[in-house]
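Lettering of chains follows the sequences in order, A, B, ..., and the numbering in each one begins at 1.
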Amino acid sequence: MTAPMVLADQVHKRYGRLEVLRGIDLRVEAGEVMCLIGPSGSGKSTLLRCINHLEKIDSGRLSVDGELVGYRQRGDRLHELRDREVCAKRAEIGMVFQRFNLFPHMTALGNLIEAPMRVRREGRSVAEERGRRLLERVGLADRAGSFPNQLSGGQQQRVAIARALAMQPKLMLFDEPTSALDPELVGDVLDVMRGLAADGMTMVVVTHEMAFAREVGDSLVFMDDGVVVESGTPREVLARPRHERTREFLAKVL
Amino acid sequence: MRAVPVRHPGRWLAAAAVIVLVADVVYSLATARTLHWDVVRYWVFDGRILNGIVVTLKLTILAMLLGVVLGVALAVMRLSANPVMSTVSRLYIWFFRGTPVYVQILFWGNVSLLFPRLSIGIPFGGPTWLSADINQVVTLFVAAVLGLGLNEAAYMAEIVRAGIMSVDPGQTEAAQALGMSRGQILRRVVLPQAMRVIVPPTGNEAISMLKTTSLVSVIGVSELLDSAIQIYAVNYRTLELLIVASIWYLVVTSILSVGQYFVERRFARGSSRGLPPTPLHRLRRMLIPRHTTVGERPR
């Protein structure tokens, strides 16, 4: 049996006195698409950021692909990872942000080749070739030379997805990828994500797109107030929520 | 159908009044009997004056280079998580911004009174490997560059810090998520975007520096103003030589302004849909009001 891609065991995270994650248990298998839903402030985004080493957890265990996040186990001791090691781990995980966060001073292609060239030390031609292939894959082959401000929100987000894929990650994290988009632009982004899922990419998606969760997700997790309230297949959770809080939330968004 | 734009008679009246005033000042200067423009013409290309300009330019460039490099380092230190780094940076800025640059130049010019010898070795009285008479290392020119540059660094540090802080934290986060290191993020992502905020005040600093170099005549460095002073000390053509110096300061600051303008346009890339209008565009738009036709898309 292979190790799960993400395994969280009683993960706690607090900012000062505010406890954002209060004992999260989670398991994402390789190739699985997990959708995270829940009201704002429920800790979904924080959980994603913890998985990608952008935040340190305060207690519990969190591992990605069988390796602890932020620590290396030697004997019965945990050694905190050095900056370089953390960077190497982050490079293996792709992340897509709500606000795209493309580098505005670089072209679309420039955004795609930056990390492969600087972090992976790839040659320009290799990086550019993969970059162009990825732009084609997200339907933007003709926009390689465009700067982000010359692209629509939907196009920017597709470039951002391609930028994350350029590092050939083993896991993709999406933090509300369509929340900042005009409604008519959401479809193109979801299409790209659908294609990724079909290709077998392991994905954790924080989303408010229930239709996407139902259609593409293998599992659905409802979080509220820093805990996982309920999880299961999207069909089960959406059709027959077992918890009162899930029912209340779904009644508001569906 | 044609739309008639609003008329602005007030603007034309105010412009006419100002033009008359300016013309009067120019006329008075040009015809003043006490001013000998032929003397100005005689000295403006004098060898000593031209040498002075070269020294002024060298001082400006070297002092700005020192100021920018040290300023970036101080800004990064100031924003560092290491409390020793940020405190040292804060103290540096406090000291060099809190004392007059004139005093600092005098200090560097007389540094040999404090430290007669410059030594490299183990600090706190340990063995010395290299030692030299400080006056041979810190010549008057070097003292001038140090005085101007170290002072400039304090101001540049604040400018760079403001630039770095103006960059959306989401940029750093996205770069981190891609596995880029701190140094890479600073060099490749944050600083290029901070430049948009850093360049305009740095242009101001460069222009201000050009004029501040005139202070180093106090320690006997023959830059532009000092050359002019030396000449009028002999021939008593004080006003004419001050005008000669002013003409050259104006020429160089004008060239610097044009350079600044193009550097700004370069770093505006990607930050707005169109580049800002050139001064020529702006002048034309002001003089020739646009007649929009109803139904035409306003631009």
Enquirer: Could you check whether any side-chain heavy atom of R182(B) comes within less than 4.5 Å of a side-chain heavy atom of C87(A), counting everything from C-beta outward?
Expert: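 Result no, sub-4.5 Å side-chain heavy-atom pair not found.
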Enquirer: Return the option, out of S181(B), G179(B), P192(B), with the maximum number of heavy-atom pairs under 4.5 Å with chain A.
Expert: G179(B)
Enquirer: Answer with side chain, backbone, both or neither: which region of L173(A) has an atom nearer than 4.5 Å to a non-hydrogen atom of chain B?
Expert: neither
Enquirer: Do other residues, nucleotides or ligands put more than 12 heavy atoms under 6.0 Å from Q73(A) CD?
Expert: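 Count over threshold, so yes.
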Enquirer: Under 3.5 Å, is there a donor-acceptor pair between the side chain of H105(A) and the main chain of R188(B)?
Expert: yes
Enquirer: Can you tell me how far CG of L54(A) sits from OG1 of T172(B), rounded to the nearest 0.5 angstrom?
Expert: 11.0 Å
Enquirer: So for atom NZ, which belongs to K56(A), do other residues, nucleotides or ligands contribute more than 12 heavy atoms lying within a distance under 6.0 Å?
Expert: no
Enquirer: Does any heavy atom of chain A fall under 4.5 Å from the side chain of Q176(B), the backbone, both, or neither of them?
Expert: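 Contact with chain A involves both backbone and side-chain atoms of Q176(B).
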Enquirer: Please classify the contact of R163(A) with chain B as side chain, backbone, both or neither, using a heavy-atom distance under 4.5 Å.
Expert: both
Enquirer: Roughly how far, to the nearest 0.5 Å, is the CG atom of L178(B) from the CZ atom of R90(A)?
Expert: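 Interatomic distance, R90(A) CZ to L178(B) CG, rounded to 0.5 Å: 10.5 Å.
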Enquirer: With a 4.5 Å heavy-atom cut-off (strictly below), which parts of residues 107-119 of chain A touch chain B? List them by number.
Expert: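 Within residues 107-119 of chain A, near chain B: E114(A), A115(A), R118(A), V119(A).
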Enquirer: Counting only heavy atoms from other residues, nucleotides and ligands, does the tally under 6.0 Å from CZ of R99(A) exceed 12?
Expert: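 Open: at most 12 neighbouring heavy atoms sit under 6.0 Å from CZ of R99(A).
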Enquirer: Which heavy atom of F97(A) sits nearest a heavy atom of A174(B), and at what distance?
Expert: CE1-CA, 3.6 Å
